[in-house]
Amino acid sequence: MPQSQQATKAPPRRRMRAPERRAQLLEVARKVFGRDGYHAVSMEAVAREAGVTKPILYDHFPSKKELYLALLDTDLEALHHNVRAALDSPIGNRERIRASFQAYFDFVDEQGAGFRLLMQETVGADRAFRERVEAVRDQILREVVDLIARESRGILDREHAETVALGLIGMVETVAQRDPGAPRAQRQAAIDTLVRLAWRGITELTV
């Protein structure tokens, strides 16, 4: 074979290991589901966009529902991990509030497709999807309640702490969903406003 032909021969592609392939398929599926919605997407469409055959996709995910559940689990775990890390950080209560608000804004801004999956009507309509989302939301709520009740040093009981926690979570979720991906300065200004509002409200309750 002439040297010029040898030089242009493409190197063999490295075969993905199973965890790498699964991660790649989830990334592609997240984009496709986030863009087109659950009901409009077929396993064939996901496989085509991922550049694999349907048997390879089915090797990792037996059905479209299992694929969607895997996406929900992955994104919910990421959101919960970041919020919990903020709540557990030893940086003072006001900064914990800021860090937890930031974690939610970052998830909305950086994981746009994953965020859309959690908010799609499909999640509310399908019991299995809804239960996945509700379980993690309830866990985050309990952790926020624990922190508020503990740091109030007995001034707020768990019932009142839960009311405060629901208000904080609802507030940050609502505001974070507005203008996702807006300029960072605009998003930081929104977080600053929420932190001042939350901090002044909480301290008034605990004095």
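Note that the structure is a prediction, hence the values are computed from the model and not measured.
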Evaluate the side chain to side chain contact (heavy atoms under 4.5 Å, CB included) criterion for residues Leu67 and Leu26: first the C-alpha distance (whole Å), next the side-chain angles of each, then the deciding distance (0.1 Å), finally the verdict.
CA-CA 8 Å; Leu67 174 57; Leu26 284 173; 4.0 Å; yes
Where do [X] and [Y] come nearest, in terms of heavy atoms and distance?
X	Y	result
His80	Ile140	CD2-CG1, 3.6 Å
Ala86	Ser100	CB-N, 3.4 Å
Phe61	Ala70	CE2-CB, 3.7 Å
Pro62	Glu66	CD-CB, 3.9 Å
Asp106	Arg184	OD1-NH1, 4.2 Å
Ala165	Leu141	CB-CD1, 3.6 Å

Could you check whether any side-chain heavy atom of [X] comes within less than 4.5 Å of a side-chain heavy atom of [Y], counting everything from C-beta outward?
X	Y	result
Glu44	Arg48	yes
Val108	Arg187	yes
Val136	Leu79	no
Arg30	Asp75	yes

Output all residues satisfying side-chain hydrogen bond (donor to acceptor under 3.5 Å, both in side chains) with [X], sequence neighbours left out; order by chain, then residue number.
X	value
Asn93	Arg96, Glu151
Asp59	none
Asp138	none

Report yes or no: does [X] contribute a side-chain atom to a donor-acceptor pair with the main-chain N or O of [Y] at less than 3.5 Å?
X	Y	result
Asp109	Gly181	yes
Glu20	Arg17	yes
Lys64	Val41	yes
Lys65	Phe129	no

I would like to know whether Arg127 and Glu131 meet salt bridge (charged side-chain N to carboxylate O under 4.0 Å, His left out); could you show each step before the answer?
CA-CA 6 Å; Arg127 181 177 178 180; Glu131 287 177 348; 2.8 Å; yes
Go through the structure and list residues passing side chain to side chain contact (heavy atoms under 4.5 Å, CB included) with [X], not counting sequence neighbours.
X	value
Arg137	Val133, Glu173
Ala198	Ile97, Phe101, Leu168, Met171
Thr193	Arg196

Would you say NE2 of His60 has more than 12 non-hydrogen atoms from neighbouring residues, nucleotides or ligands within 6.0 angstrom?
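Atom NE2 in His60 is crowded, with more than 12 foreign heavy atoms closer than 6.0 Å.
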Heavy-atom neighbours of Glu27 CD exceed 12 at 6.0 Å:
no
Pairwise distance [atom1]([X]) to [atom2]([Y]) - rounded to 0.5 angstrom:
X	Y	atom1	atom2	value
Gln102	Leu194	CD	CG	11.0 Å
Thr174	Ile169	OG1	CD1	11.5 Å
Leu76	Glu134	CG	CD	11.0 Å
Asp192	Arg98	CG	CZ	4.5 Å
Leu69	Asp126	CG	CG	7.5 Å
Asn82	Phe107	CG	CZ	9.0 Å

Side chain to side chain contact (heavy atoms under 4.5 Å, CB included) for Glu162 and Leu166? Distances and angles first, verdict last.
CA-CA 6 Å; Glu162 182 170 334; Leu166 284 168; 4.2 Å; yes
Any side-chain donor near an acceptor of the partner, Gln139 and Arg142, under 3.5 Å
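Judged by distance alone, the side chains do not pair up.
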CA sep, side-chain torsions, deciding dist, call: Val83, Glu143, side chain to side chain contact (heavy atoms under 4.5 Å, CB included):
CA-CA 9 Å; Val83 172; Glu143 291 167 0; 5.7 Å; no
Any link between Ile191 and Ile91 through a network of hydrophobic side chains (Ile, Leu, Val, Met, Phe, Trp, Tyr) touching at under 4.5 Å?
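No, because Ile191 and Ile91 fall into different hydrophobic clusters, even though each may have its own neighbours under 4.5 Å.
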